[in-house]
Asker: 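Before I ask anything, here is the structure I am working with.
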Amino acid sequence: QVQLVESGGGSVEAGGSLRLSCAAAGYSNVYSNVRYCMGWFRQAPGKEREGVATITIDGDRSYYTDSVKGRFTISRDNFNNSVYLQMNSLKPEDTAMYYCAAGPHFFSGCEYRHWGQGTQVTDSS
């Protein structure tokens, strides 16, 4: 079973930046020869969980929700089995718990099966 650990969250002023990191354990045992995705999700109090960004490990293609496009960048470090989320120009509406996730990449899309415990991101207005 893959275990994901997030770090890098914190509290920043509007317009500030944060870089989230996600370290994956069990990577070689589960996904070494499998097409898979890693992504970032977030959930604010009283709101539904939403996908923020996704990256395909096999093709290194990235996708973003419209609200963060141009401000957030997802990247990976295959050697260290890690994925990152660079967040610039943070807005109050970005305040949420951010979760790293991973799962197989099928033709229909990513099926997330493994989740981290989350890291809090707070943007003050």
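For the numbers below, each heavy atom of this structure counts, side chains included, while hydrogens, waters and symmetry mates do not.
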Asker: Nearest 0.5 Å, please: how far is OG1 in Thr122 from CE in Met97?
Answerer: 8.5 Å
Asker: Looking at residues at least two apart in the chain, or sitting in another chain, which of them share a side-chain hydrogen bond (donor to acceptor under 3.5 Å, both in side chains) with Asp77?
Answerer: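 With neighbours one apart ignored, the set is Asn80.
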Asker: Tell me if a side-chain donor or acceptor on Gln120 pairs with a main-chain N or O of Ala96 at a distance below 3.5 Å.
Answerer: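 It does hold such a pair.
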Asker: Check Glu50 against Arg42 and note the closest heavy-atom contact, atom names and distance.
Answerer: OE2-NE, 2.6 Å
Asker: Does the side chain of Asp123 come under 3.5 Å of the side chain of Thr95 through a donor N or O and an acceptor N or O?
Answerer: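 Distance-only check fails for Asp123 and Thr95.
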Asker: Please report the shortest heavy-atom distance between Leu20 and Gly9, naming the atom on each side.
Answerer: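 Between these two residues, the closest heavy atoms are CD2-N, 3.6 Å.
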Asker: Shared ILVMFWY cluster between Leu85 and Val2, side chains joined below 4.5 angstrom?
Answerer: yes
Asker: Scan for disulfide (SG to SG under 2.5 Å) pairs involving residues 72-119, sequence neighbours excluded, and state none if there are none.
Answerer: Cys22-Cys100, Cys37-Cys110
Asker: Locate the shortest heavy-atom distance separating Gln43 from Lys47; write the atom from each residue and the value.
Answerer: NE2-O, 3.2 Å
Asker: Which atoms form the tightest heavy-atom contact between Leu4 and Ala24, and what is the distance?
Answerer: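 Shortest heavy-atom separation between Leu4 and Ala24 comes out as CD2-CB, 3.6 Å.
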Asker: Please work out which of the three classes, parallel, tilted or perpendicular, describes the rings of Tyr98 and Phe72, given edges at 30° and 60°.
Answerer: tilted
Asker: Of Tyr64, Trp40, Tyr112, which is the lone residue that meets side-chain hydrogen bond (donor to acceptor under 3.5 Å, both in side chains) with Thr54?
Answerer: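 Considering Tyr64, Trp40, Tyr112, a side-chain hydrogen bond (donor to acceptor under 3.5 Å, both in side chains) with Thr54 is found only for Tyr112.
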Asker: Measure the shortest side-chain to side-chain distance between Val12 and Met87 over non-hydrogen atoms and say whether it is less than 4.5 angstrom.
Answerer: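 They are not in side-chain contact.
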Asker: Establish whether Tyr84 and Tyr36 are linked, either directly or via other cluster members, by ILVMFWY side-chain heavy-atom contacts under 4.5 Å.
Answerer: no
Asker: Does Met38 share a hydrophobic cluster with Phe41, counting links as ILVMFWY side-chain heavy atoms below 4.5 Å and allowing steps through other members?
Answerer: no
Asker: How long is the straight-line distance from OG of Ser17 back to CZ of Arg71, given to the nearest 0.5 Å?
Answerer: 10.0 Å
Asker: Do you know which of Ile74, Thr56, Ile55 makes side chain to side chain contact (heavy atoms under 4.5 Å, CB included) with Tyr63?
Answerer: Thr56
Asker: Do you know which two heavy atoms are closest between Gly118 and Glu6, and how far apart they sit?
Answerer: N-OE1, 2.9 Å
Asker: How close do Ala23 and Ser82 get, heavy atom to heavy atom, and via which atoms?
Answerer: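 The answer is CA-OG, 4.0 Å.
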Asker: Ignoring hydrogens and geometry, is there a side-chain-to-backbone donor-acceptor pair from Gln86 to Arg19 under 3.5 Å?
Answerer: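 Not at all, since once roles are kept as given, no pair shorter than 3.5 Å links the two residues.
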